[in-house]
Colleague: 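One structure follows; several queries about it will come next.
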Amino acid sequence: MSKDKKHQKSDKLGYEEELRLLQIELLKFQNHVKDKGLRVLMLMEGRDAAGKGGTIKRLTEHLNPRGCRIVALTKPSDVEKTQWYFQRYVTHLPSAGEIVIFDRSWYNRAGVEPVMGFCTQAEHKEFLREVPKFEEMIINSGIIFFKIYLSITKEEQKKRFKERLNDPLKQFKISPVDQKAQELWDQYSIAKYSMLLASHNSISPWVIVSSDNKKEARLNVFKFILTHVEYPKKIDEYLKYDKSVVRDGSEEIKRIEEGLNKDKLKSID
């Protein structure tokens, strides 16, 4: 076996062992959620190919499915289009003893919809005005709430799209929206900037996780979540997340502003 292959195997074993320890910690937290009747909501957002699905899979694969749900809604029905925008999402909020993870969420109206022309400018503006109030109501109801944005660079997104096209098991992930993602990169960056300005606040903050390295991103998502909740027999030494990978929404706003000023949006997510 070559040195490179030995190093790759060692890295993989290290990742899998650390992931296992973190999954045990998350299971401890789930048991606490069930025992205390807590309600936990996580939003997983990010550009196409940022790693949302893979991260959610690792978060949930060893949890008790009776107390954990993944919500990945399709486009709204004709009836849902006539309702209050947030109405179909409210139906899926967690009940007592439950963890719910949204694989994309109401923030479709902050990114994909305005960029792709699936909503009007007035609808986009109204969403940005309403969303802080909506989320404040969620938190005031007692729900433990996390908003996680996986941040991928333009170059890495392009690489992952190419891998999907060449892998029969991943081709289902490519959609017409994905095919426009690279072309509309700057528009998505501007939409993300507007989203953060409107919806990052002290009550309901965003956390940004760099995800060019998928494994590193997954581990740091676990660590960030578990650092910010309490449960019995918590082992804090496992939970120190990397602050070069994890940053808050305020820092991300500054990064985007620097990119706008330097006209380097291609390197900013």
Side-chain angles (χ1 to χ4, degrees), residues 40-52 55-56 59 85-86 89 100-115 124-140 143-154 156-157 181 185-213 216-229 239-262 264-269:
V40 181
L41 176 63
M42 304 177 191
L43 308 188
M44 197 68 64
E45 291 287 346
R47 297 189 194 235
D48 297 314
K52 297 180 293 297
T55 300
I56 292 170
L59 283 168
Y85 177 73
F86 295 99
Y89 295 101
V100 173
I101 303 176
F102 276 79
D103 184 352
R104 293 197 181 277
S105 66
W106 46 85
Y107 281 100
N108 281 332
R109 183 143 291 181
V112 172
E113 290 189 19
V115 172
H124 179 216
K125 184 177 180 180
E126 180 64 12
F127 169 82
L128 294 178
R129 188 184 69 82
E130 288 188 345
V131 71
K133 301 173 185 177
F134 175 63
E135 291 176 353
E136 186 174 356
M137 287 189 287
I138 287 174
I139 293 163
N140 287 343
I143 292 175
I144 299 169
F145 187 34
F146 292 95
K147 298 191 299 190
I148 299 164
Y149 187 99
L150 298 180
S151 175
I152 188 174
T153 60
K154 188 175 184 181
E156 182 64 20
Q157 185 190 60
W185 181 270
D186 288 1
Q187 289 90 323
Y188 275 108
S189 293
I190 293 167
K192 176 188 171 185
Y193 178 57
S194 298
M195 176 193 81
L196 290 173
L197 285 176
S199 62
H200 173 72
N201 54 65
S202 59
I203 297 172
S204 178
W206 277 101
V207 60
I208 315 297
V209 180
S210 296
S211 65
D212 276 11
N213 183 320
E216 190 177 63
R218 292 166 188 165
L219 296 176
N220 277 281
V221 167
F222 269 93
K223 291 174 182 179
F224 179 84
I225 291 168
L226 292 167
T227 294
H228 289 85
V229 293
L239 309 181
K240 295 178 182 177
Y241 57 88
D242 186 342
K243 293 185 179 180
S244 69
V245 175
V246 180
R247 54 192 179 272
D248 73 14
S250 298
E251 184 179 346
E252 190 72 353
I253 288 169
K254 291 178 183 176
R255 290 179 73 250
I256 296 173
E257 287 174 345
E258 289 172 1
L260 288 166
N261 292 335
K262 296 176 182 178
K264 290 183 179 179
L265 287 175
K266 66 179 181 179
S267 64
I268 297 291
D269 177 30

Colleague: Passes side chain to side chain contact (heavy atoms under 4.5 Å, CB included), V112 versus Y107? Steps please.
Modeller: CA-CA 8 Å; V112 172; Y107 281 100; over 6 Å; no

Colleague: For the atom pair CG (L197) and CD (E257), what is the distance rounded to the nearest 0.5 Å?
Modeller: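 Output value for this atom pair is 6.5 Å.
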
Colleague: Do the side chains of E126 and R129 get close enough for a salt bridge, i.e. N-O under 4.0 angstrom?
Modeller: yes

Colleague: Strictly below 4.0 Å, N to O, side chains only: are D48 and R104 in salt-bridge contact?
Modeller: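 Salt bridge flag = yes for R104 with D48.
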
Colleague: To the closest 0.5 Å, what do you measure between CG (N140) and NZ (K133)?
Modeller: 14.0 Å

Colleague: Is there a side chain to side chain contact (heavy atoms under 4.5 Å, CB included) between I225 and I148? Walk through the geometry before answering.
Modeller: CA-CA 9 Å; I225 291 168; I148 299 164; 3.7 Å; yes

Colleague: Kindly give the heavy-atom pair with the smallest separation between A217 and S210, and that separation in Å.
Modeller: CB-O, 3.5 Å

Colleague: What is the distance from atom CD1 of I139 to atom CZ of F134, rounded to the nearest 0.5 Å?
Modeller: 10.5 Å

Colleague: How are the rings of F86 and F127 set relative to one another: parallel (under 30°), tilted (30 to 60°) or perpendicular (over 60°)?
Modeller: parallel

Colleague: So if I apply the side-chain contact (heavy atoms from CB on, under 4.5 Å) rule between D212 and each of L150, T153, V245, which one comes out positive?
Modeller: T153

Colleague: So do the side chains of E113 and Y85 get within less than 4.5 Å of each other, counting heavy atoms only?
Modeller: yes

Colleague: Nearest heavy-atom pair of V246 and Y241: which atoms, and what distance?
Modeller: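 The answer is CB-CD1, 3.7 Å.
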
Colleague: Run the numbers on E251 and D248 for side chain to side chain contact (heavy atoms under 4.5 Å, CB included), then give the verdict.
Modeller: CA-CA 6 Å; E251 184 179 346; D248 73 14; 3.7 Å; yes

Colleague: Verify whether one side chain among E136 and S204 offers a donor that lies under 3.5 Å from an acceptor in the other.
Modeller: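 Judged by distance alone, the side chains do not pair up.
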
Colleague: Are any of the side-chain heavy atoms of R47 and S189 separated by less than 4.5 Å?
Modeller: yes

Colleague: Do side-chain atoms of S211 reach the backbone of S151 as a donor and acceptor pair under 3.5 angstrom?
Modeller: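 Present.
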
Colleague: Please report the shortest heavy-atom distance between N201 and P132, naming the atom on each side.
Modeller: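 Reported closest heavy-atom pair: ND2-CB, 4.2 Å.
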
Colleague: Name the one of Y89, F146, F145 that satisfies side-chain contact (heavy atoms from CB on, under 4.5 Å) with L43?
Modeller: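 It is F145; the other options fail the test.
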
Colleague: Working to the nearest 0.5 Å, report the span between CG of N213 and CG of N220.
Modeller: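 So the CG of N213 and the CG of N220 are separated by 9.5 Å.
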
Colleague: Any idea which heavy atoms bring R109 and P114 closest together, and the distance?
Modeller: O-CD, 3.3 Å

Colleague: Using a 4.5 Å cut-off on heavy atoms from C-beta on, say whether the side chain of E252 contacts that of R247.
Modeller: yes

Colleague: Under the side-chain hydrogen bond (donor to acceptor under 3.5 Å, both in side chains) test against K147, which residue among E45, H200, E135 passes?
Modeller: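 Checked E45, H200, E135 against K147; only one passes side-chain hydrogen bond (donor to acceptor under 3.5 Å, both in side chains): E135.
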
Colleague: Would you name the heavy atoms of V40 and M42 that are closest together and state the gap between them?
Modeller: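 Scanning both residues, the minimum pair turns out to be CG1-CE, 4.0 Å.
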
Colleague: Answer yes or no: is there a side-chain heavy-atom contact under 4.5 Å between M44 and L59?
Modeller: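 The answer is yes; the side chains approach within 4.5 Å.
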
Colleague: Taking C-beta and beyond as the side chain, do S199 and V131 meet within less than 4.5 Å on heavy atoms?
Modeller: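 Result yes, sub-4.5 Å side-chain heavy-atom pair found.
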
Colleague: Within the structure provided, determine whether Y193 and R255 are in side-chain contact (heavy-atom separation under 4.5 Å).
Modeller: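 No. Closest side-chain heavy atoms not under 4.5 Å.
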
Colleague: Testing the basics here: between V115 and Q187, what is the closest heavy-atom pair and its distance to 0.1 Å?
Modeller: CG2-O, 3.8 Å

Colleague: Any chance you could measure I101, atom CD1, to I56, atom CD1, to the nearest 0.5 Å?
Modeller: 6.0 Å

